[in-house]
Amino acid sequence: MNTSTNANLPGQPHIAYLGDQLHVEGVALSQLAREHGTPLFVYSKAAMLSALAAYQRGFAGRQAQICYAMKANSSLAILQVFAEAGCGFDIVSGGELARVLAAGGDPAKVIFSGVGKTRHEMKQALQVGIGCFNVESEAELDVLSAVAVSMGKHAPVSLRVNPNVDPKTHPYISTGLKGNKFGVAHEEALRAYRHAASLPGLKVVGIDCHIGSQITDSTPYLDAMDRVLDLVAEVESAGIPIHHIDFGGGLGINYNGDTPPQADALWAQLLAKLDARGYGQRQLMIEPGRSLVGNAGVCLTEVLYLKPGEQKNFCIVDAAMNDLPRPAMYQAFHQIVPVTPRSGDGVVFDVVGPVCESGDWIGRDRQMLVLAGDVLAVLSAGAYCMSMASNYNTRGRAAEILVDGTKAHLIRQRESAFDTFALEQLV
Ligand SMILES: *Cc1c(COP(=O)(O)O)cnc(C)c1O
């Protein structure tokens with residue numbers, strides 16, 4: 001257990017113990033839990049900006065647009081932080097587009113990914129003039145062209161190609177293999193580009209790939225880049241110019257001793273390959289999500305009950321799978337630490353929530369010294385937690401705080417039970 005003073009937690013430079021209190025930047029988490037209740041998400045603005053800065057350093061002197069993949073965390077104030085820092089956004093629905101606009105994002109810097117865009121969503125995106133549609137099938141090309149023609153517009157398109165490389169990550173977040181639903185197969189890409197170029201409502205502008213998420217090794221990226229550049233050469237020799245190359249997102253973070261490359265180091269390697277193959281001056285796009293926000297956030301939760309058992313001891317907390325879905329969905333690991341550590345060894349607990357599912361666990365076999373009423377911090381909770389949260393068991397979603405130095409801004413109020421059924425009607 002980490003009880004030392006001024007100790008940064010691994011991979012979370014802005015989350016540290018000062019004295020015997022866990023802080024996010026200059027704000028003590030015990031204080032926030034008292035003031036706002038739990039479960040409570042707390043994010044560090046400085047952590048997000050420093051994660052972004054690693055990419056910006058990596059792209060210094062290049063033409064590059066960073067489009068934050070907002071499904072990782074789409075809360076408006078988080079989008080505002082990235083919009084103000086110059087980011088565009090990678091969206092996957094019309095709802096996300098509405099959020100970008102509400103947060104003051106620039107629609108011209110929006111790219112629209114996803115295998116199932118509806119006509120309505122296409123219209124919405126064409127109306128506001130998004131930067132690019134990342135198209136995932138030939139059928140989608142036809143529909144997008146028809147929608148654009150009906151509006152007297154040309155839709156800028158990129159084809160998401162499937163480089164068929166194994167990102168060596170969890171199967172649910174691996175997206176660039178042949179058996180995945182995403183993208184156009186490498187072998188079919190040239191035909192799809194010819195098709196796109198022949199359609200009246202489309203303007204081919206780029207190429208795109210995204211091979212998976214929580215990638216902790218640079219090899220799959222380098223392999224995917226080779227495959228994509230092979231295609232760029234093929235497509236351009238067929239007379240279809242490719243203005244930008246989009247390498248997607250997927251860079252992993254340190255959840256449990258993971259050692260992903262730093263964004264700037266990864267891009268130094270990728271840019272060296274681009275330069276060597278003569279594509280270093282192309283317009284580049286990337287779509288990072290998790291690596292910009294994952295380690296910028298924690299979820300505070302109060303210990304409700306300790307329940308010793310014959311086979312397992314349970315530590316029952318007030319956050320659950322509806323707040324933190326990653327363990328239940330992907331058997332994911334989140335570190336769990338006390339906000340105010342006690343000294344001593346503790347016992348081994350499974351940390352579980354109140355939801356009526358055995359899959360509702362947050363951490364397994366964790367050695368902790370805790371008592372009912374203590375507040376715990378679930379770390380690495382900035383990505384794919386609040387944005388995946390649900391109202392299962394009629395639990396209102398948690399409140400969210402954005403810390404900036406010594407200021408703590410409430411950026412989302414806690415949902416009440418009434419909020420969860422406000423749109424329902426009796427017959
Ligand atoms: C989810 C997603 C991303 C972001 O992935 P991370 O692992 O969070 O960086 C980028 N592009 C597309 C198309 C995605 O679906």
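Everything numeric here is computed off the predicted structure, so don't read it as measured data. Every number for a ligand or one of its atoms is a count from 1 in the order of the listing.
Ligand-side atoms of ligand 1 in range of G249: 9 (O), 10 (C), range being under 4.0 angstrom from any heavy atom. When each atom of ligand 1 is checked for a heavy atom of R160 under 4.0 Å away, the hits are 13 (C). Taking every non-hydrogen atom of G250 and a distance limit under 4.0 Å, the qualifying atoms of ligand 1 come out as 5 (O), 6 (P), 7 (O), 9 (O). Proximity to S113 (heavy-atom distance under 4.0 Å) selects the following atoms of ligand 1: 13 (C). Annotation for ligand 1: atoms under 4.0 Å from non-hydrogen atoms of R290 are 6 (P), 8 (O), 9 (O). Residue-ligand proximity, A69 to ligand 1, at heavy-atom distances under 4.0 Å covers atoms 3 (C), 4 (C), 10 (C).
If you check the side chains of S416 and D419, you find a donor sitting under 3.5 Å from an acceptor. Residues T38 and D318 bring a donor and an acceptor atom of their side chains to less than 3.5 Å of each other.
Side-chain contact between K273 and D226 is present, with heavy atoms from C-beta onward closer than 4.5 Å. Proximity of V128 to L101: side-chain heavy atoms (C-beta onward) are separated by under 4.5 Å at one or more points. Side chains of N134 and H210 form no contact here, defined as non-hydrogen atoms less than 4.5 Å apart. Annotation: side chain of L97 is not in contact with side chain of F89 (no heavy-atom distance under 4.5 Å).
The side chain of H210, and not its backbone, has at least one atom closer than 4.0 Å to an atom of ligand 1 (non-hydrogen atoms only; side chain from C-beta on). Counting heavy atoms under 4.0 Å from ligand 1, residue N134 does not touch it at all.
Ranking the protein heavy atoms by distance from atom 8 (O) of ligand 1 puts Y384 OH, 2.5 Å first. Looking only at heavy atoms of the protein, atom 1 (C) of ligand 1 is closest to K71 NZ, 1.3 Å. For atom 7 (O) of ligand 1, the closest non-hydrogen atom of the protein is S213 OG, 2.3 Å. When only non-hydrogen protein atoms are considered, atom 10 (C) of ligand 1 lies nearest to E287 O, 3.1 Å.
Using bins of under 30°, 30° to 60° and over 60° for the plane-to-plane angle, the ring pair H334/Y255 lands in the perpendicular bin.
Cation-pi check for K312 over F349 is not met; the charged atom does not lie both under 6.0 angstrom from the ring centroid and within 45 degrees of its normal.
The 12-atom threshold is exceeded at CD of Q21, counting heavy atoms of other residues, nucleotides or ligands nearer than 6.0 Å.
The closest approach between P288 and ligand 1 falls below 4.0 Å for a heavy atom of the residue.
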